[in-house]
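What follows is one structure encoded as structure tokens, with my remarks underneath.
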2 protein chains.
Amino acid sequence: MFSPLIEELIRALRCLPSVGPKSAQRMAMYLLEKDRDAAELLARSLAQAVEKVGRCQQCRTLTEEAVCTLCNNSRREQTSLCVVETPADVLAIEQAGNYHGRYFVLHGHLSPIDGIGPADLGMDLLERRLASEPLQELIVATNPTVEGEATAQYIAERAKAQGVTVSRIAHGVPIGGELEYIDGGTLAHAFNSRTAFFPPAE
Amino acid sequence: MFSPLIEELIRALRCLPSVGPKSAQRMAMYLLEKDRDAAELLARSLAQAVEKVGRCQQCRTLTEEAVCTLCNNSRREQTSLCVVETPADVLAIEQAGNYHGRYFVLHGHLSPIDGIGPADLGMDLLERRLASEPLQELIVATNPTVEGEATAQYIAERAKAQGVTVSRIAHGVPIGGELEYIDGGTLAHAFNSRTAFFPPAE
């Protein structure tokens, strides 16, 4: 219906997550009709980012520098390291604002069925850091999925072997959530992991 | 939080219609983490489309060719012309599938407050076509908004002056719509424009 270049642009826009044929068409029309400057800027940004953005040598998050700003920040606690699956997880934790240590990004989780083993998740780099840095705690914040839990288990064992204290972030009913709408698996976990209301004095 | 190039990419993605900060971040992460080929393709498509896509010399729709496929198609009826506001409207009408004439795209509507007058909508080109082509009917399919109606009125008068029959597409309750959920303006219009159930025999 549209000319070849426009059809190609619509197809290319459909690669974006949660953009279907109608949205892609709307985006293409918008850019070509109303905002060609934005389209040019987006084309340049995409090309630049694809060319230059790589992984931080220390924590493997996405960055165009050799070492990312977080790893370079000397005010971050050097004694704790938080392992997450994706760079977006780092952002989510930073926005929560109560963790001040550093991160390690796996870029996924162990998944033998997809051929993803420890090497793909940078486990060798993580083990080198566990061995060489003055870490007191390794916090495992992988997702609470089957694969995320298996990955957490694997990392916990490697860290224990190196003599580092390992912890897992708590899972349970979200703050502000209503029990009525929480799934059974989460509720069961919340019951099993209940904590004493009046912990015994030490 | 992210490195400068990634922040810039997220900002650029936010120019897309209905993409907010969270979606833009998700898109950037997806492209950089999972599909750099798609990102490169999108960058190229955008640059190409911005550089090459212009307007059809006859109907003003978006195309990289001098004259678009629809205008070039000799099997389309030469006797009727449909005036629409945007290239997306052409697509919508083509998908409905019962109009076989040609189109004229205004790229907007008359809007004195935004400084958009007849010249911006290609009225001179439309008038030349009205004068020189063997048109029997001009169908005005601008949107049923205040500006769309004013534009329709303007076009109808110009076409009448040139001796061309002008019609306006029908407005009323959409097929499959439920009266209960239709706004008052549309219902009032549907009552005013009611047609005889048994039209008198001619």
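Just so we're on the same page: letters track the sequence lines, and every chain starts at 1.
For chain A, the nearby parts of B:E8 are the backbone and the side chain; heavy atoms of each come within less than 4.5 Å. The contact between A:V19 and chain B is made entirely by side chain atoms (from C-beta outward), counting heavy-atom distances below 4.5 Å. Only the side chain of A:Q25 comes within contact range of chain B, with heavy atoms under 4.5 Å apart.
Atom OG1 of A:T79 and atom CD of A:Q136 lie 4.5 Å apart (nearest 0.5 Å). Atoms CZ and CD, from B:R102 and B:Q78 in turn, are 4.0 Å apart once rounded to the nearest 0.5 Å.
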Taking it one step at a time, do A:L81 and A:L126 satisfy side chain to side chain contact (heavy atoms under 4.5 Å, CB included)?
CA-CA 10 Å; A:L81 189 65; A:L126 180 59; 3.8 Å; yes

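Annotation: maximal heavy-atom pairing with chain B below 4.5 Å, among A:E65, A:E51, A:R36, occurs at A:R36. Contacts with chain B were tallied for A:L31, A:L70, A:V53, A:L41; A:V53 has the most, counting heavy-atom pairs under 4.5 Å. Per-residue counts of heavy-atom pairs under 4.5 Å with chain B were compared for A:L16, A:L13, A:T86; the largest is that of A:L16. Heavy-atom pairs under 4.5 Å with chain B peak, among A:A38, A:A39, A:C56, at A:A39.
With hydrogens and angles ignored, the 3.5 Å screen pairs a side-chain donor or acceptor of A:T142 with a backbone N or O of A:G148.
For the side-chain hydrogen bond (donor to acceptor under 3.5 Å, both in side chains) criterion with A:H109, the lone passing option out of A:E85, A:E149, A:E147 is A:E85.
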